[in-house]
Structures are given as C-alpha cells and as structure tokens.
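Remarks on the structure that follows.
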Amino acid sequence: MNYIQQAYKGKNEWYHWVLTIVLVFFGWQVLGVLPLVMAAAAKSENLAQFTKFAEDSFMTAGIDKNFFLFLMIFTFFMGLIFLFIGVKYIHKRSITSLVTSRDKVDWKRFFYGFFVWGILAVVMSYASILLAPENFTWNFNATPFFILVAISFLFLPFQTSLEELLFRGYFMQGIGILAKNRWVPLIITSVVFGLLHGANPEVAKLGQITMVFYIGTGLFYGIVTLMDEGTEIAMGLHAINNITAAFFITTDWTVFQTDALYIDTSEPSVTWEMFLPVFILYPLMLFLFSKKYGWSNWKEKLTGKIIEPVNLKENYRIIDEY
C-alpha cells in the first residue's frame with residue numbers, strides 16, 4: 001500500500017474527518033494557547049493592555065523571548081497530541097499509518113534530511129553574513145543563547161511535526177482518497193500551507209511575493225512525501241529549517257524573534273535568498289534524495305490514481321473479530 005492509501009486502514013466517513021479537525025483545533029488553538037494567555041495576563045495591568053497584547057499575538061507583552069518561544073511551541077504540541085488522539089480513537093488506525101507507509105517510522109530518513117538541510121542552512125546563513133557583514137550584529141549572550149538552543153532542538157520539532165503530519169499527512173491522505181489521485185492533494189496542501197503562513201510578519205513587511213517561498217516550500221515537502229511514501233524526510237527538513245531559523249539569525253520583524261547569534265539590521269527587502277531555495281536548492285535536494293533512495297516513476301507517484309485496496313476493510317473486520 002502506498003502512503004495515501006494508508007488512510008483506508010481506518011474509518012473514513014465525513015464526520016470522522018470533521019471531528020478530528022475540530023479536536024486538533026481545540027487542542028492547538030484553545031487548550032494550547034491557555035498558558036500563553038495566562039503569561040500575558042500576568043504582564044498586563046488592565047484589560048485594555050491585555051487586549052492590545054492580544055492584537056499583537058502577545059509578542060509585545062514583555063514575556064521573556066525563550067519562554068515566549070516555548071509557549072508558542074506548546075500550542076503546536078497540544079495540536080499534535082490531539083491529532084494523534086483523533087487518528088487513533090476516531091479513525092481507529094495507527095499513528096504509524098499517518099507518518100509513513102512503512103511498517104515502522106524510518107528515523108534514518110528523518111535524520112538524513114535533518115543533517116543535509118542543516119548543513120545547507122548554516123552555509124547559506126554564513127554566506128549572507130560574509131556578503132553583507134554591515135547588515136549583521138553579533139548578538140551572542142551565553143545563558144539565553146544556550147537555553148534557546150536547547151528549546152530549539154528539544155521542542156521545535158513538535159511544531160514542525162504538527163505542520164507536516166497535518167498537511168503532508170492527514171490532509172494529504174484525506175484529500176487523496178477523496179479526489180482518488182495524488183496531484184490534487186499535492187497542490188491543495190501546498191497552497192493552503194503557504195497561505196496559512198500569510199499571517200507571518202514577513203508577509204506584511206515583504207509583500208505577497210513571499211508566497212512564492214511558502215507555497216514552493218510546501219510543494220517541495222509534498223513531493224518528497226509522495227515520492228518517498230512517507231513524511232520522515234519532510235519532517236527532518238522542516239525541523240532543522242525552523243531550528244536554524246530560531247538560533248542563528250533573527251530580526252525585529254520575522255516570526256522568530258529570539259536571542260539568536262546574529263541580528264539582521266538591514267531594511268526588509270526581497271532578496272535572492274528567498275528564491276534560491278525554491279528554484280535551485282529544492283530541485284537539487286530532490287535529485288539527491290532520488291539517487292539515495294532510488295525514487296522512480298515520478299509521474300505515477302505525483303499524479304497517479306488512488307484506488308481503495310480490495311478486501312482491506314474485510315481483512316480488518318476479521319482481525320478485529322479475532
């Protein structure tokens with residue numbers, strides 16, 4: 001069975017999908033946000049000030065940067081837990097089937113993507129600094145920096161895993177068995193993934209052209225998932241991308257405002273760095289992965305039909321009865 005067909009292992013009436021989506025939203029945007037709301041309330045002198053903080057997503061509430069990052073990640077952690085609950089107890093299928101088509105999660109794939117993109121991300125960051133050193137200020141402060149590194153490596157993967165397992169996992173599989181093909185879920189999940197990042201402050205500063213990067217990145221992760229029949233590589237890529245973004249270079253206008261090594265003090269502008277990954281690095285990464293993992297039959301894997309496996313439900317009924 002291919003990756004999208006994994007959804008057939010569970011219950012797939014429309015209300016199973018609606019209930020799970022509502023459950024994830026509740027965990028992510030209600031329960032998960034409560035600690036952040038409480039921290040902001042503790043910093044507020046009155047309701048008017050709290051409301052002002054809320055309008056700025058609590059980023060101006062004066063919460064310690066590392067603690068704020070942890071609280072933000074906690075919202076995603078809760079969403080991830082509730083996604084697992086929905087898959088396990090509403091759809092009645094294994095969490096492994098959400099992650100991969102393999103019998104078990106292949107962590108070697110995760111770490112291969114993690115380290116390869118991590119090296120590229122660090123090299124690109126240093127290249128930016130070397131090409132325009134006047135735009136960067138050294139910001140190393142041992143205690144907050146090492147706390148930031150610990151939070152980034154230990155907890156940021158929860159944030160990126162929710163995004164990958166929700167878009168390249170849950171929605172990719174759900175839309176795939178509804179559309180009965182692979183290209184519709186690939187396009188829809190990539191576009192929606194990009195558009196949901198439209199709330200990021202980068203978009204407000206740089207304009208809608210940034211959608212090229214966000215949608216292009218979603219498309220890249222989606223292609224990797226379909227070609228590899230699992231989300232492991234994509235989860236590794238996404239995790240290290242956000243980790244390096246958190247602790248290496250920060251600005252006062254990006255989504256990650258942290259105690260990073262460098263502060264970018266340049267005026268916000270659209271540069272080559274935004275388009276380099278989408279048009280150069282992502283294709284090279286696809287070539288690298290295809291050679292390492294023997295990917296083939298690209299047209300079928302990216303656009304082919306999805307067919308419900310014969311007798312699958314009957315087999316699972318027999319197993320349940322047994």
Side-chain angles (χ1 to χ4, degrees), residues 1-37 71-107 110 155-180 182 184-186 188-193 195-197 199 218 221-222 225-226 229-232 234-236 238-239 242 306 308-309 312-313 315-317 319-320:
M1 291 179 61
N2 65 45
Y3 178 64
I4 289 180
Q5 286 176 316
Q6 297 298 307
Y8 285 120
K9 291 181 176 180
K11 297 181 179 296
N12 289 306
E13 296 295 335
W14 65 268
Y15 54 86
H16 295 122
W17 295 89
V18 171
L19 284 173
T20 299
I21 292 170
V22 170
L23 192 66
V24 172
F25 181 85
F26 177 74
W28 184 4
Q29 297 294 322
V30 180
L31 287 183
V33 172
L34 285 178
L36 178 58
V37 170
L71 292 174
M72 288 296 294
I73 295 170
F74 181 77
T75 67
F76 289 88
F77 173 75
M78 292 300 295
L80 183 63
I81 294 299
F82 277 72
L83 175 61
F84 287 163
I85 291 172
V87 169
K88 183 72 173 177
Y89 297 104
I90 295 177
H91 287 279
K92 303 290 186 180
R93 64 184 175 102
S94 70
I95 293 171
T96 300
S97 70
L98 177 69
V99 179
T100 184
S101 62
R102 287 167 274 275
D103 291 335
K104 59 182 180 180
V105 177
D106 188 343
W107 290 105
F110 174 92
F155 301 111
L156 262 177
F158 289 119
Q159 178 245 322
T160 54
S161 292
L162 172 63
E163 293 189 5
E164 287 308 305
L165 293 179
L166 192 58
F167 286 94
R168 259 65 62 183
Y170 191 72
F171 292 148
M172 181 81 80
Q173 290 177 337
I175 297 171
I177 64 172
L178 179 65
K180 304 298 183 183
R182 291 166 172 257
V184 169
L186 174 61
I188 290 178
T189 57
S190 301
V191 172
V192 174
F193 176 78
L195 293 178
L196 287 180
H197 285 78
Y221 293 156
T225 296
L226 290 179
E229 301 290 5
T231 63
E232 294 100 327
M235 285 199 298
H238 200 163
N242 285 26
I306 298 297
E308 183 173 3
L312 179 64
K313 291 182 178 179
N315 290 339
Y316 273 84
R317 184 185 66 80
I319 292 172
D320 288 341

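Residues take their numbers from the sequence shown, with the count starting at 1.
Between R182 and E229 there is a salt bridge, with a side-chain nitrogen of the basic residue lying less than 4.0 Å from a carboxylate oxygen of the acidic one.
Between L162 atom CG and H238 atom NE2 the span is 10.0 Å, to the nearest 0.5 Å. Rounding to the nearest 0.5 angstrom, the gap separating the CG atom in L165 from the OG1 atom in T225 is 9.0 Å. One finds the CE atom of M172 at 4.0 Å from the OG1 atom of T189 (value rounded to the nearest 0.5 Å). Summarising the geometry, atom CZ belonging to F155 is positioned 11.5 Å from atom CG belonging to L71; distances are rounded to the nearest 0.5 Å. Considering CE of M78 and CG of L83, their distance stands at 12.5 Å, rounded to 0.5 Å. To the nearest 0.5 Å, atom CD of residue E308 and atom CD1 of residue I177 are 8.0 Å apart.
At least one donor-acceptor pair under 3.5 Å links the side chain of T160 to the backbone N or O of P157. Q173 places a side-chain N or O within 3.5 Å of a backbone atom of Y3 that can act as its donor or acceptor partner. Although no hydrogens or angles enter the test, the distance criterion places no donor-acceptor pair under 3.5 Å between the side chain of Q159 and the main chain of N242. The backbone N or O of E232 sits nowhere less than 3.5 Å from a side-chain atom of D106 that would complete a donor-acceptor pair. No side-chain donor-acceptor contact under 3.5 Å links T231 to the backbone of A234.
Minimum interatomic distance between D103 and T96 (heavy atoms only, all atoms of both residues): O-CG2, 3.8 Å. In terms of heavy-atom proximity, G79 sits nearest to V24 at O-CG1, 3.9 Å. Taking each heavy atom of L23 and I90 in turn, the nearest pair found is CD2-CD1, 4.2 Å.
The shortest side-chain heavy-atom distance between Y170 and W17 falls under the 4.5 Å cut-off. Contact annotation: the side chain of Q5 approaches that of P309 to within less than 4.5 Å [non-hydrogen atoms, C-beta and beyond]. Put simply, the side chain of N2 reaches to within 4.5 Å of the side chain of I306, judged on heavy atoms. Considering only heavy atoms from C-beta on, M235 comes within 4.5 Å of V99 through its side chain. Put simply, the side chain of V30 does not reach to within 4.5 Å of the side chain of L34, judged on heavy atoms. In this structure, the side chains of F82 and L31 come closer than 4.5 Å at one or more pairs of heavy atoms. Counting heavy atoms from C-beta on, the side chains of L226 and I4 come closer than 4.5 Å. T75 has its side chain out of reach of Q29: every pair of non-hydrogen atoms, C-beta onward, lies at least 4.5 Å apart.
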Next on the checklist: Run V87 and R93 through side chain to side chain contact (heavy atoms under 4.5 Å, CB included) and show every step you take.
Outcome noted: CA-CA 6 Å; V87 169; R93 64 184 175 102; 3.8 Å; yes
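The number of heavy-atom neighbours closer than 6.0 Å to NZ of K88, taken from other residues, nucleotides and ligands shown, is 12 or below.
Ring orientation note: the planes of F76 and W28 are tilted relative to one another, at an angle of 30° to 60°. H91 and H16 have tilted rings, their planes meeting at an angle from 30° to 60° on a 0 to 90° scale.
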